[in-house]
Each structure stands twice: as structure tokens, then as C-alpha cells.
Amino acid sequence: MMKDCLQFLIEPAKKLKICLQETRKRVKHEKKAPLMESQLFVMELARELNKVCQRSLVLSHIWTGEDKWPPTACRDFIVEWAAEVQKRAQPRLIETECQYEKTEKRDWKGHLLCMLESGGEYEMAPHKRVIMDWAQDIKSRPEASIWPGEPVLMMLDDLEFQWKRGRLPNLLPAMELVMLALLNAHSPEKEDVTKQWLVRKQRTQRIDAARYIPHSVWNWICDAAEEVTLDPDTANPDLLLSADGKRMRCAAERRDVPPQRSTPQRFDGWRCAAARRGFSSGRHYWEVEVGDRDWRLGVARARAPRRGYRTLDAAAGYLTLRLERGSELKALTVPATALAPGRAPRRVGVYLDYERGQLSFYDAERRAHVYTYNERFTEELFPVFGTVEVMKELVVRPAVARGPCLCTGPCLWG
């Protein structure tokens, strides 16, 4: 009788046991899975860079296998840096055996099978050859012969520090920084490689280009802080603005706006407001404390329409991020670009580099990159803000306000 009563538990228990056995087998297999060709290539490259770049021992975590990174990240790294090396160093390209055969003789079935089996490794040889040719010149130099500069070394220390504490997914950003330093070592025009690193990453990777912005680069961004103030003459009648122009929220009732003040500069559809002053050159940064449910931040081109309910996207002259329903964060490109799910930023940093054509958004609390628009700016850009929240205010922070350092103890870079 008891056996019959417990019969309903036996089958689920058997299935659970089978699942656990399969999981153990999979974990065992994954631990023994050999490294892909691109991973091995990156490890060997890290070894060579480590030899010639003074005090770049952070790369030892890569070539000894302590750092973990997926093959796709390595392949992307190789393709991107082959283009950078080819542009800067212009190595002699060598014909490889991996080049295409004539189309009429191509075994397409075998070609596709090879691509599937290699997981994307196929036909990486031309990109690797470009980097290898450049690395040959690097190998010929004496060990520890290139001094990358104190800012680069401090940034490498910062990246390693954050990696060991789990704030940085891998050390490939450190390797990119060393490559930039080596490529720039004999350039007649000396550039600040640490700043160049960020600009380049945000150009090649619009989303999550840098999960963590190193301390020195973050300070450089914050040095461009501007005193941004909301313009009441542009605010939607549904919005309430503070007297100092730093706070706004939705009113319980729509306020009346005198006809003479209802100009084309005022938003009368979407609940938005623009800043008093626009920017037509230079670097500018501002931070905004946002609500939990719905907000909009970015810039609007001077000629962008503000009346009615036209979609405020890039086609209309608006470069913005939008949070909807508390969880759907997107860049309002055409079509919209959904951003990584998870906790939306509560304090957003907006950084405009007019001459480089970049508008970037950061999670200012985590000091992490969110999204970058890469455009060509030709007209004045006005910071724009939007909210539909009644209880929670949207707050434009003062230019002098800065978040605390992320060091666990006394600041290592102060």
C-alpha cells in the first residue's frame, strides 16, 4: 500500500537522477574541451606583447589561461585588430593556403560542413596573417624595450584590479590597450592612448563597449562636465519644473500655457523639455538621476520638430535612450535597438564629443558603458529630457557632483 502511495514520486526521481548524470557528463566534457584556434592565437599574441611592453604583466593572465573568454570574443578581437593593424602598420599581406578556390571548383557542401564544425574558425587565416606579420616586427625588438607611459600602466593596473573583483568580464580590453600603445610607440603624433582606447571601442562596438570605464578615463569624461539647466519655455505643459531648472516631474493636472508662450520650441505632445543651451563644438558631459518606470534622455538637433506626437527617433533628429515599463531600455535608432536586459541605470551619464561624432550613455553608478551613437554632427545639439512619472523627479545633477571611487579601500589612483 505504501509503495503504491509513493509511486507518484518514483518516476520524477528517476528523471532527476538522469538529468544530474547528464549534467555531470556535460561539465566533465566542457572542462576537457580543447581551446579553439582563435583562443590559442590570442594567448600566443598576449605572450609576445607581454615580452616587449614594459610592466605589462597583466597579460600573463591571458597567455597562462587564467582569464576566460569565449571563442566568439576572440574572433571578433582578431577581425577588429587586423583592420586596425593594417591601417596603422600597413604590413605586407602574404598569400595563404586558406584563400578561396575558384567558384566552379568549390566543394560547397564540404565548405559549409567545415564552417559548422569549426564554430566560425574557418577563414580566419587572412586576419590572423595581418596580425602575425605585425607581430614578427614586435618579436625582433629586445624584451621590455617599449615604455607605454604611466597613464597606460595605471590603466592596466585598474583593469586588472577590477577583473579580479568580478567587475570586468575578461582582460581583452587590457590587451587592446597594450596593442594601441605599441602601435603608437613610434608614431610622430603622440596621442593619449587611454582616451583613444575608449573612442575606438565605442566606434566599433556601440553596445556595452566597456563594461567598466577605468578610473583615469572616467575622470577625463567627467572633466567635460557642464552645468545643464532645463528651459521652462520648452517644457510640455504637463511637466512641473523646479525654479532652478534642475528637477522635473509630471503634474497631476495639465497647466495652462499663455498663447504667446506656445512656440515651436515647446513640446506639446511628448512630456519632454530641452536644455537652455545647446552645443556646437567640444566635449560635454552631464548626469541625470532618472525614474524607475519611464524616461527619455539624449540630444535633439536644432531643427528637430518638437510639436505633436511624432516618434522622437534618430530619423526625426533625436539621439536618445528610452526606458519603457521599467524594463525595456532601448536606443531610438531606426529601427529601435533593444539594449541588454537587467537593472536599468538609475543615474545616467551622457557624454558628447562633437568633433568625433560620438554621443555616449553610461551607467554612472557602475561606471559602465551602455550605448554610443556614432554620427556626423553639423548643427547645434540640445540636451533633451523626458518623463511621465508623477512621484519620482528627474534630476539633472550639478556639474561639480561626482560619484564615489569604486576602490574598496583608499583610492589607488587619486
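Both backbone and side-chain heavy atoms feed into the values below; hydrogens, waters and symmetry mates do not. Note that the structure is a prediction, hence the values are computed from the model and not measured.
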Tell me which pairs pass side chain to side chain donor-acceptor pair (under 3.5 Å) where either residue lies in residues 138-147, with sequence neighbours left out.
Asp137-Arg141
Please list, chain by chain and in numerical order, all residues satisfying side-chain hydrogen bond (donor to acceptor under 3.5 Å, both in side chains) with Arg322, sequence neighbours excluded.
Asp294
Pairs touching residues 208-230 that satisfy salt bridge (Lys or Arg N to Asp or Glu O under 4.0 Å), sequence neighbours left out:
Asp223-Arg402, Glu226-Arg277, Glu227-Lys246
Can you sort out the partners of Glu328 under side-chain hydrogen bond (donor to acceptor under 3.5 Å, both in side chains), two or more places apart, ordered by chain and number?
Arg325
The side-chain hydrogen bond (donor to acceptor under 3.5 Å, both in side chains) partners of Ser360 (sequence neighbours excluded) come to Gln202, Thr372
Test ring-ring contact (aromatic ring centres under 6.0 Å, His included) on Tyr354 and Phe377; report intermediate values, then the result.
CA-CA 7 Å; Tyr354 195 97; Phe377 300 133; 5.4 Å; yes
According to side-chain hydrogen bond (donor to acceptor under 3.5 Å, both in side chains), who are the partners of Arg283, at least two apart in sequence or on a separate chain?
Tyr351
Using the test side chain to side chain contact (heavy atoms under 4.5 Å, CB included), find all partners of Val395 that sit at least two apart in sequence or belong to another chain.
Arg247, Glu289, Glu393
Got a sec, which residues hit salt bridge (Lys or Arg N to Asp or Glu O under 4.0 Å) with Lys68, two or more places apart in sequence or on another chain?
none
Under the side chain to side chain contact (heavy atoms under 4.5 Å, CB included) rule, collect the residues that match up with Ala83, sequence neighbours excluded.
none
Test item: side-chain donor near acceptor, Asp67 and Trp163, under 3.5 Å:
yes
Among all residues two or more places apart in sequence or in another chain, which pass the side chain to side chain contact (heavy atoms under 4.5 Å, CB included) test with Pro305?
Arg310
Restricting to pairs with a member in residues 368-391, which pass salt bridge (Lys or Arg N to Asp or Glu O under 4.0 Å), not counting sequence neighbours?
Arg301-Glu375, Arg303-Glu379
Go through the structure and list residues passing side chain to side chain contact (heavy atoms under 4.5 Å, CB included) with Ala174, not counting sequence neighbours.
Val58, Leu156, Leu159, Leu171
